[in-house]
Amino acid sequence: MKKKPASPTVPPAAIDATLTQDALIPWAAEFQAKLLAWFRAEGRDYPWRQTENPYAILVSEVMLQQTQIATVLGRGYYDRWMTAFPDVATLAAASEPAILRVWEGLGYYSRARNLQKTAQAVLALPGGQFPESVEGLLALHGIGPYTAGAVASFAWNLPAPLVDGNVARVLTRLMACDLPIDQPPMPRRLWEWAGILLNRQDARLHNSALMELGQRICTPRSPACLICPVNTCCASAGPAAASRPKKSPARATVLVIEHTLLAIRDNKILLHQETGRRRQGLWKLPLRTAAETAALPLLHTAQYAITHHRVTLHIHAFAPDNANTNSNAAPAPQREDETWHSLADLPLLPMPGPYRKSLNHLLRQ
DNA sequence: TAGACGTGGGC
DNA sequence: TGCCCAAGTCT
């Protein structure tokens with residue numbers, strides 16, 4: 001099978017020049033037409049594609065940041081959120097624990113808090129409506145270049161390009177680019193390419209189609225070039241595709257061991273609320289050093305990953321009533337930032353997924 | 001600007 | 001199993 005040779009990286013000068021779409025990418029019109037035809041015939045029907053409500057679209061986009069559709073839809077996060085907080089006013093008035101509880105398990109919890117900040121900011125705008133421009137959207141918390149382009153094009157069909165992981169992969173393959181996509185000058189160049197290729201009359205469909213192409217056809221490991229609707233436009237179609245895009249090496253995984261206490265008395269459990277950047281506002285079991293827990297019985301061990309850490313979570317039994325009969329290795333039962341909570345309230349408290357799972361396991365009987 | 005930020009799924 | 005990846009943003 002005869003393939004276009006993998007062309008060398010597109011010279012920056014050819015891209016940066018201010019020229020017409022046809023001169024920059026001669027196959028742009030063909031690409032747009034084939035992409036749109038494919039999407040009209042094969043595109044999936046997601047809840048956020050059945051609405052032009054900017055709030056509903058924003059919620060979906062924020063949930064989908066670094067998160068797969070199967071998680072957001074299959075595990076019910078989108079439906080639960082839209083039921084609990086159906087509009088900007090409801091979300092703006094909600095309590096933070098209520099928000100975090102609905103978000104629990106999705107990760108990147110600042111997304112949930114920023115969504116509420118944005119709801120409050122929108123309500124405070126004259127008219128109380130979302131700004132109908134990329135610039136206006138970018139000024140809101142948690143809305144970056146991708147999400148601004150997504151809301152602008154999906155809600156109002158504005159001619160705004162967008163680049164996410166899917167689009168970046170499609171574009172580097174189309175252009176046979178071997179520069180690392182996470183380092184200059186690639187991020188800027190990808191946005192330029194997306195802007196040049198954008199179908200300005202049908203930005204909504206075009207952007208949806210481009211992402212879905214990346215998600216379903218132009219996949220990271222085994223791209224389906226043979227059935228790709230735009231393979232005639234692609235400089236990587238065939239074996240070369242899987243080698244793109246290039247990326248900087250991932251950070252090394254760091255091993256961490258957490259020793260925690262399961263302290264229960266009078267149907268109350270001792271918990272600690274996170275106040276730092278990580279998992280802020282969520283409740284965890286009290287953390288202790290290995291030495292402090294060495295003499296305590298080990299109840300449960302679990303493993304989980306958080307960003308580039310690999311965590312082994314040990315949960316030790318601690319009986320506050322017996323504390324003074326224990327050796328001097330026994331930990332203080334309670335520290336300043338730790339509080340007792342009724343076991344009945346446990347389902348209401350936002351908690352990192354691994355802790356929730358371990359507690360459910362331990363308290364089942 | 002490079003690092004930090006959660007979690008689950010696929011291979 | 002241990003990576004890589006997923007509709008990114010913030011500091």
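Values reported hereafter were calculated over all heavy atoms of this structure, with side chains retained and with hydrogens, waters and symmetry mates removed. All of these numbers come straight from a predicted model, not from anything done at the bench.
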Let me know the distance between [atom1] of [X] and [atom2] of [N], rounded to the nearest Å.
X         : N      : atom1 : atom2 : value
Arg310(A) : dT1(C) : CZ    : P     : 9 Å
Met186(A) : dT1(B) : CE    : P     : 16 Å
Lys246(A) : dC5(C) : NZ    : C1'   : 17 Å
Glu212(A) : dA6(C) : CD    : C1'   : 15 Å

Show, in sequence, the C-alpha distance, side-chain angles and deciding distance for Arg75(A) and Glu104(A), and conclude whether the salt bridge (charged side-chain N to carboxylate O under 4.0 Å, His left out) test is met. CA-CA 11 Å; Arg75(A) 300 169 71 87; Glu104(A) 179 184 305; over 6 Å; no

Any ion pair linking [Y] and [X] (charged N to carboxylate O, less than 4.0 Å)?
X         : Y         : answer
Arg49(A)  : Glu212(A) : yes
Arg335(A) : Glu292(A) : yes
Lys34(A)  : Glu30(A)  : yes

Summarise how protein sits on nucleotides 5-11 of chain B as a single string, 5' to 3': B when a protein heavy atom is under 4.0 Å from the base, S for sugar-phosphate-only contact, - for no contact. BBBSSB-

Against the six-membered ring of Tyr77(A), is Arg80(A) placed for a cation-pi contact (under 6.0 Å from the centre, within 45° of the normal)? yes

Hey, do the aromatic rings of Tyr355(A) and Trp283(A) have their centres closer than 6.0 Å?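 Aromatic pair excluded; centres sit 6.0 Å or further apart.
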
With rounding to whole Å, what would you report as the distance between [N] and [M] at their [atom1] atoms?
N       : M      : atom1 : result
dC5(B)  : dT1(B) : C1'   : 16 Å
dT11(C) : dG6(B) : P     : 13 Å
dA2(B)  : dA7(C) : C1'   : 23 Å

Pairs touching residues 219-276 of chain A that satisfy ring-ring contact (aromatic ring centres under 6.0 Å, His included), sequence neighbours left out: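 For residues 219-276 of chain A, and leaving out neighbouring residues, the ring-ring contact (aromatic ring centres under 6.0 Å, His included) pairs sorted by first residue read His259(A)-His314(A), His259(A)-His316(A).
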
Please name all residues satisfying side chain to side chain contact (heavy atoms under 4.5 Å, CB included) with Ala93(A), sequence neighbours left out, ordered by chain then number. none

Can you label the angle between the Trp81(A) ring and the Trp103(A) ring as parallel, tilted or perpendicular, going by 30° and 60°?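 The arrangement is perpendicular - the two ring planes meet at more than 60°.
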
Pull out every residue in residues 154-167 of chain A that has a heavy atom closer than 4.0 Å to any atom of DNA chain C, ordered by number, or say none.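 Here the set is Asp164(A), Gly165(A), Asn166(A).
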
Suppose we screen for side-chain hydrogen bond (donor to acceptor under 3.5 Å, both in side chains). Which residues come up paired with Lys246(A), at least two apart in sequence or across chains? Asp178(A)

Test log, rule side chain to side chain donor-acceptor pair (under 3.5 Å), inputs Gln280(A) and Ser110(A): CA-CA 8 Å; Gln280(A) 186 185 334; Ser110(A) 62; over 6 Å; no

Name every residue in residues 35-64 of chain A that has at least one heavy atom under 4.0 Å from any atom of DNA chain B, in order of residue number, or write none if there are no such residues.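 Heavy-atom contacts with DNA chain B come from no residue of residues 35-64 of chain A; none.
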
